[in-house]
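Down below is the structure, laid out as structure tokens.
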Amino acid sequence: MLFPSVEWFSALGQAVNSDAERFRRLGTVDIALVAKIDYPAASRYFEIAFAGYRFLGARELPRLQAAAPGAVVLEGPFETWREMVENIQANGKADLAHTLNTLTLYDTPMRVDAANQLDTDLFYRYQQNLQEFFDSAGKFPTEVAAAEAR
Amino acid sequence: MQRFSQKVQEVLDYAADIRNRGTVDLSWMSANPTGWGARAKPRDDRGLGLEDINQIGGRYGAVPDYGDAHGSMAPRGCEVPANTPSLGCYDINDKSLVWADNVALLYDEAVARQWSSARDIPWDQLKPLPDDLEKAMCQLCTTLTEVEFIAADMPAKWMWRINHDFHEVKCFLATQIADEARHLDVFRKRALANGGGLLKASPANEQILRAIIEAPDYTTASSLMHILAEGFVLTLFRNGEMLALNEVEKKIFRLCMQDEARHVAYGTMHLKYFLEKRPERAEQIHSILAAGEEAIFALTLEPQTAEPRAILAGGGVDRILEGFAKLSYLYTKQVREYLHRLKVAGLDRSTRIAIPIELPN
């Protein structure tokens, strides 16, 4: 599975939906999260959506403005995304230094943004679900695209 | 023959009538005719939520601007007999004093997201830590054990006075009380589970806790607690997750962070609703928040509150100054997020905040 791609994010979502009992225990989650992957000359945007106990789907956006209203943006350079994914692959889940919260708390190397603070707060409100969503990358092999692929 | 009070004898006579003559009342079966036929539907696989019930509208779903004057615990939408006694305690009857447009959804979410400090934390993964780090974590947990239950005591102080027509608010506050019980309990457990213990209480923290518990009305208490204090603690939990020395602390702080963000979401939207209905009260909110800001800022002077995080951020007591430098960025982030939440609520404190937005280097 190639990272980044709609298929890769969808595979994470399938892992959520196929392990329904585990994610049901984490509770409901209602958020549209845009993974913004920054390359030197451009960015790519993948929107992933959750409602209730389910992952609804992933899509690539042509631009950030095409995101769902209230979407929360998780952004960082491609190298950071790659390091996070490779760390999850190596450990089966993010280690202490590579959790979403740790990577974003100081606004570097990743940051969280939204139209208003209450939307940004959704990233904190659903933190365990989002972490376990990305930790699902430890369950299948990933080929990380070369940075120059963009 | 045993003698009973008149009240008990009336019940026995009624039972005798049923037994001997088959006399039954059944008037309740024709009560509330316009309320009959309700068919609330779940919106999706999350099940039938409080918010879904409200979608059926009418007297069940429409939340009145003023709670009914009967003063009893009779549920919203039922027929209330004329002889229903008032309990005499429900004096918060104005919706604007407690309501938030997201409160029913937040209650549904809170119920679905409860966790257990016994079951959901991987306690078996705790390992011995160097003394300075264990003491810093234990002091941080001492402080959090001390402050967390204010967010249970404060709702408990007010919720019994809230009119039952606003049951969504009462139900949400009940979940918050359960959340805070869990937070007190999980931080106490962490302090006592790895060879350390509770360390030093915080007189400075008691100042902000006193301001919350003594606030003159629910909305000022909520602004101080849900937006200012819990907003700051939300960042503290995010900081704790980052500083975590093992998976146990990682998960504790992550799960607490989620609960705290839910409380902040209620407080922000409550203040928004309140100020839309009562804009003339904005100055009073400014005033109480200014006092709260000063009380929170005073915490930075207190060693048992500030130094443990700096030790954890630096990686040891010998690197505490490095830790303080890292924390100053977080302070600014805390203040900015607080101001942004107030902006969502319709209160601009960007030029009136009583404390610095950035700490000096």
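Quick caveat, the model's predicted, so the values are computed rather than measured. Each chain gets a letter, A, B and so on, in the order the sequences are listed, and its residues count up from 1.
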Problem set entry | Side chain, backbone, both or neither of B:A244 within contact of chain A (heavy atoms, under 4.5 Å) | backbone
For this session: To the nearest 0.5 Å, tell me how far B:R349 CZ sits from B:I227 CD1.
Result: 11.5 Å
Exercise. If you tally heavy-atom pairs under 4.5 Å against chain A, which of B:E249, B:R43, B:R262, B:E247 wins?
Worked result: B:E247
Exercise. So does B:K272 pair up with B:E276, basic N to acidic O under 4.0 Å?
Worked result: yes
Problem set entry | Max heavy-atom pair count under 4.5 Å with chain A, selected residue of B:K251, B:R254, B:K326, B:H340 | B:R254
For this session: Check each atom of B:K343 against the heavy atoms of chain A and say whether the ones under 4.5 Å are side chain, backbone, both or neither.
Result: neither
Exercise. Heavy-atom distance under 4.5 Å to chain A: side chain of B:D120, backbone, both or neither?
Worked result: side chain
Problem set entry | chain A contact via B:L342 - side chain, backbone, both or neither, heavy atoms under 4.5 Å | neither
Seminar exercise, completed: Counting heavy-atom pairs under 4.5 Å with chain B, the top scorer among A:T99, A:T104, A:V29, A:T120 is A:T99
Problem set entry | Residues A:N101 and A:Q127: side-chain donor-acceptor under 3.5 angstrom | no
Exercise. Using non-hydrogen atoms only, which part of A:D30 is less than 4.5 Å away from chain B: side chain, backbone, both, or neither?
Worked result: side chain
For this session: Between chain A and each of B:R119, B:M269, B:E260, count heavy-atom pairs under 4.5 Å; write down the option with the most.
Result: B:R119
Seminar exercise, completed: Whatever's closer than 4.5 Å to a heavy atom in chain B on A:L26 counts as backbone
Problem set entry | B:Q114-B:D179 side chain donor-acceptor pair, cut-off 3.5 Å | yes
Exercise. So which part of A:A94 gets closer than 4.5 Å to some heavy atom of chain B, the side chain, the backbone, both or neither?
Worked result: backbone
Seminar exercise, completed: Looking only at A:L103, A:D95, A:N116, A:D107, most heavy-atom pairs under 4.5 Å shared with chain B are made by A:D107
Exercise. Is a salt bridge present between B:R190 and B:E134, judged by a nitrogen-to-oxygen distance below 4.0 Å?
Worked result: yes
Exercise. Do A:T102 and B:E241 meet the criterion of a side-chain donor-acceptor pair at a distance under 3.5 Å?
Worked result: yes
For this session: Would you indicate whether the side-chain heavy atoms of A:Y106 and B:L330 approach each other to under 4.5 Å?
Result: yes
Seminar exercise, completed: Only one of B:T235, B:V264, B:L234 passes side chain to side chain contact (heavy atoms under 4.5 Å, CB included) with B:E337, and that residue is B:T235
